[in-house]
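Reading through the structure tokens given below for one structure.
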2 protein chains.
Amino acid sequence: MPVAPPQKTPLATQFDEWQARGFDANACPVRNVLDRIGDKWTSLLIVALAAKPRRFSELHRAVPDISKRMLTQSLRDLQRDGLVTRHVFPTKPPSVEYRLSPLGQSALGPLAGLIDWAERSFAEIKAARAAFDAGDTSEQMSAA
Amino acid sequence: MPVAPPQKTPLATQFDEWQARGFDANACPVRNVLDRIGDKWTSLLIVALAAKPRRFSELHRAVPDISKRMLTQSLRDLQRDGLVTRHVFPTKPPSVEYRLSPLGQSALGPLAGLIDWAERSFAEIKAARAAFDAGDTSEQMSAA
DNA sequence: CTGCATCCCACTTGATACTG
DNA sequence: CAGTATCAAGTGGGATGCAG
């Protein structure tokens, strides 16, 4: 029983295209954008800013285990990519507010899709990990 | 002028939930799954396997700038998470085929969504980077 | 409050060579 | 062909202290 019909996905076509273009890292969105998404903090920060703009320390509280160093750096990357805008209020103790730009907001949909998949699949993934770690590699030895 | 209506996204709700649960890394899909997606190679390999199952060296050719070491490791991670299955054919020169599991195939949709966003936004992101690097921080100095 | 600079360690990754 | 082993280099990230 076929687990899935071998349909030609758009991704497969995309991949052929990238390959044809020589995988130039500068022209490959996957490596330019996906690497950023997986930056351990950036995606989390985008989600943290999804609800409302937040100030620096507010973000720091929202994501407890990020250091100031990484928070600053991640926010700068986000700002550099135009996903987040930075608003400085010259109040007596200076306050800075970060908010998602329209571009940043446009990322929420796709990101939500992936996160939704992650949550739906998490149990299955954990089970697979447990099975794998238990030595159950479930490898098929096909006849030659 | 408001750049975007402050609508309550599902992501925002999700975030509050994670926060309430103390951001336990072991229970947080974002950090467990997204980190893997951003693994620099895994997402690329998933896409490479989207079209059809491939053998080890076939993958190596498909993704030119990955080392054997990283290819092996990435494939093992993928296999461990149950996204990829490994089929060994005991032929004379041994050949091994990797293919997406149903779980792995279920990731293609969300992943395609993100990649689609990346391609659509790539020009804008590059422009933002160029502007930022040119010193145009475009920071708003709001009145106190 | 919001950051930047420095130090430093750990982990990741790549290169190379070797094995079944 | 499909890996594994070892070593060396690069990088990410935390801790701390200082500054505007």
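Chain letters run A, B, ... following the sequence lines, proteins first, then strands; residues in each count from 1. Keep in mind the model is a prediction, meaning the values are calculated, not measured. Just the heavy atoms: all of them, side chains too, but no hydrogens, waters or symmetry mates, feed the values below.
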Handout entry: Expected output: side-chain S57(A) to main-chain H60(A) donor-acceptor under 3.5 Å
Key =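 No.
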Exercise for the section: Report yes if some heavy atom in the side chain of V63(B) is under 4.5 Å from a heavy atom in the side chain of W18(A); otherwise report no. Expected result: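 Contact flag for V63(B)/W18(A) side chains = no.
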Problem - Flag side-chain contact, heavy atom, 4.5 Å: D81(B) against R129(A) - result: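 They are in side-chain contact.
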Handout entry: Position toward the 5' end of DNA chain D (nearest nucleotide), T72(B) or M70(A)
Key =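 Taking each residue's closest nucleotide, the earlier one in sequence belongs to T72(B).
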Problem - Pairwise distance OG1(T85(A)) to CG(L103(A)) - rounded to 0.5 angstrom - result: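 Reported to 0.5 Å precision, the distance equals 11.0 Å.
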What are the atom names and distances for every N/O pair under 3.5 Å that joins the protein to nucleotides 15-18 of chain D?
unit_1  : atom_1 : unit_2 : atom_2 : d
dA15(D) : N6     : R69(A) : NE     : 3.4

Problem - Terminal axes of the helix from dC1(C)-dG20(D) to dG20(C)-dC1(D) (five pairs each): angle between them, nearest 10 degrees - result: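 Between the axes fitted at each end of the helix from dC1(C)-dG20(D) to dG20(C)-dC1(D) lies an angle of 50°.
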Exercise for the section: Return the value, rounded to whole Å, for the distance between atom NZ of K92(A) and atom P of dT2(C). Expected result: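 Checked: the NZ to P distance equals 15 Å.
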Exercise for the section: Would you kindly give the CZ-to-C1' distance between F89(A) and dG20(D), to the nearest whole Å? Expected result: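 Result: 19 Å.
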Exercise for the section: Determine: side-chain N/O of K40(B) to OP1/OP2 of dG14(C), distance under 4.0 Å, yes or no. Expected result: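 K40(B) to dG14(C) OP1/OP2: side-chain N or O found under 4.0 Å.
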Handout entry: Atom CZ of R120(A) with >12 non-hydrogen neighbours under 6.0 angstrom
Key =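 Enclosed.
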Practice task
Kindly point out which of dA2(D), dT2(C), dC1(C) is positioned nearest to the side chain of P93(A)?
Solution key: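 Nearest to the side-chain atoms of P93(A), counting from C-beta on, is dC1(C).
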Practice task
List the atom of L71(A), the atom of F56(A), and the distance in Å for their closest heavy-atom pair.
Solution key: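 Answer, listing the atom of L71(A) first, then F56(A): CD2-O, 3.6 Å.
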Problem - DNA chain C: 5'-proximal contact among V96(A) and D39(B) (nearest heavy atom) - result: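 The residue closer to the strand's 5' end, by nearest nucleotide, is V96(A).
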